[in-house]
Amino acid sequence: MGDMELDEFRKYGHQVIDWIADYLAHPERYPVMSQVEPGWIRKNLPENPPEEPESMNVILKDMEQYILPGITHWNHPAFFAYFAISGSGPGILGELLSAAFNVNAMLWKTSPAATELEEVVLDWLRQMMGLSDSFIGIINDTASVSTLCAMVAAREAITDFKTRSHGLTGHSKLPRLRLYTSEQAHSSVEKAAIVIGIGKEGVRKVSIDDEFRMDAEALKIAIKEDISNGWRPFSVVATVGTTSTTSIDPIMKIADICDEYKLWLHVDAAYAGTAAIIPEMRYVLDGCERADSIVVNPHKWLFAPIDISAFYCRKPDILRRTFSLVPEYLKTNEENVVHNYMDYGIQLGRRFRALKLWMIIRYFGKIGIINRLSEHISMAREFTSWVDDSSNFERLAPVPFSVVCFRANPWVRKGRLIRNEDEEYLNTLNEKLLNEINATGQTYLSHTYLRGKFTLRLAIGNIRTTREEVKKTWDLLQQYFVKLDKQLRPR
Ligand SMILES: *Cc1c(COP(=O)(O)O)cnc(C)c1O
């Protein structure tokens, strides 16, 4: 009976920490993208659970043998896909401690330190990003959930808090609700619409300008048109750092429109918000002080192990009226003097996520964070200059942060030198190029489509990424481009 013997815990604890340090010291031992076939891991694991206890030794060996090959190494310095993220040293230690405490941060009383540290740390982050103290922070697991919470609150605010009682269906009192976001917005916005009951038709996607930013003029026209057709506009979700190209919507102009039509302005800055910690980059959040809510993910670009999302709201009372539902057994005496975070979101049980962020911010300091984020931006700019100077590659979007959108597109001689205009060929070439360089295991990029063009995305964000890694990826791209262009170019 009982838990693992503490002597044994100590022994394997030391062993696991050593294992992690070796793992982080030798990323070259692992292909960045897992190379296993679908089903490989399941095939290697027993179908039935063990009857008898097994030793930690054997379990850890199996982890190396059967789990590790199926890991795609997001913590690898040559991980450049999606948005590169980091489980930093202090972040990993923070996770370890919060597992040891294993507290539930649902009420202040259920662990005062968890609640108060959440307040302190999110206030630090708010200050570092230069947001006003009218924003109250709440930690969620992901940006998807933060955006969902914002949309639920916006829906309640526009329906006078009646939807939480009466629901959206079965009565005709409510006009159809609509929210606005750009064509480049993250899919979590549409998912939120599905969950809050307005459906995908309740989302109107506003067109973008030539730099992939929401067209504020088009937004206004859409709102007017919808109102005259009987819709009730209630929210705009703008993005600072869109998922494909990291474009920045014109928040100031959008905020004006939201003021005029009394719409809840939510800003999705999941990836790029933390860039505002760099004084020269503070402008990326210009206008956000006028938003009703904003989401920033420390697990994206602030070195926190996944997951932790910081949700800031200027209308905490609305959040509370939206979500609070306190059964008798959860009533406490401190309700008027403390935050009971369960009242501000969907979850009751809440992990102690603030601890790792506290340790990260203290360990690196604001200066250390600024230097690291700046270095990522600088590496991305350097890569951008290589692309811009290349006769075989071209850039497909501006680079405001640390993500570069580009593709192979060689100059060809047609009387004079011009870019290859055979889009079908270019799409095939770039898709093959991506697959082949990812299959080397030495780097990992992802892709998107921009205006019908298969686009390669290099995202820099891992704390251990160096210029050397970025250069190696550039060399690989060139090497595989030459080979594939020879094989594939139509004659
Ligand atoms: C990553 C990202 C999301 C989704 O974040 P999760 O925390 O995975 O839900 C949403 N919006 C933007 C702009 C993102 O970059």
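Both ligands and their constituent atoms are indexed starting at 1 by order of listing.
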Asker: Please check if the distance between the ring centroids of Y23 and H73 is under 6.0 Å.
Answerer: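 Yes - the distance between ring centres of Y23 and H73 falls below the 6.0 Å cut-off.
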Asker: Pairs under 3.5 angstrom, nitrogen or oxygen on both sides, ligand 1 versus protein: list them out, please.
Answerer:
unit_1: ligand 1; atom_1: 7 (O); unit_2: A143; atom_2: N; d: 2.8
unit_1: ligand 1; atom_1: 7 (O); unit_2: N297; atom_2: ND2; d: 2.8
unit_1: ligand 1; atom_1: 7 (O); unit_2: H299; atom_2: NE2; d: 3.4
unit_1: ligand 1; atom_1: 9 (O); unit_2: A143; atom_2: N; d: 3.4
unit_1: ligand 1; atom_1: 9 (O); unit_2: S144; atom_2: N; d: 2.8
unit_1: ligand 1; atom_1: 9 (O); unit_2: S144; atom_2: OG; d: 2.5
unit_1: ligand 1; atom_1: 11 (N); unit_2: D268; atom_2: OD1; d: 3.2
unit_1: ligand 1; atom_1: 11 (N); unit_2: D268; atom_2: OD2; d: 2.6
unit_1: ligand 1; atom_1: 15 (O); unit_2: K300; atom_2: NZ; d: 2.9

Asker: Please determine if E95 and R351 form a salt bridge, counting it only when a charged side-chain N lies under 4.0 Å from a carboxylate O.
Answerer: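 Yes, E95 and R351 are salt-bridged.
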Asker: May I ask you to check whether W474 and F383 place their ring centers less than 6.0 Å from one another?
Answerer: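 Yes, they do, as the ring centres are separated by less than 6.0 Å.
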Asker: Can we call the ring centroids of F311 and Y344 under 6.0 Å apart?
Answerer: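 That pair fails the under 6.0 Å test.
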Asker: I'd like to know if R353 and D307 make a salt bridge, using a cut-off of under 4.0 Å between side-chain N and carboxylate O.
Answerer: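 A salt bridge links R353 with D307.
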Asker: Drop me the distance from I437's CD1 to T473's OG1, to the nearest 0.5 angstrom.
Answerer: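 So the gap between those two atoms works out to 6.5 Å.
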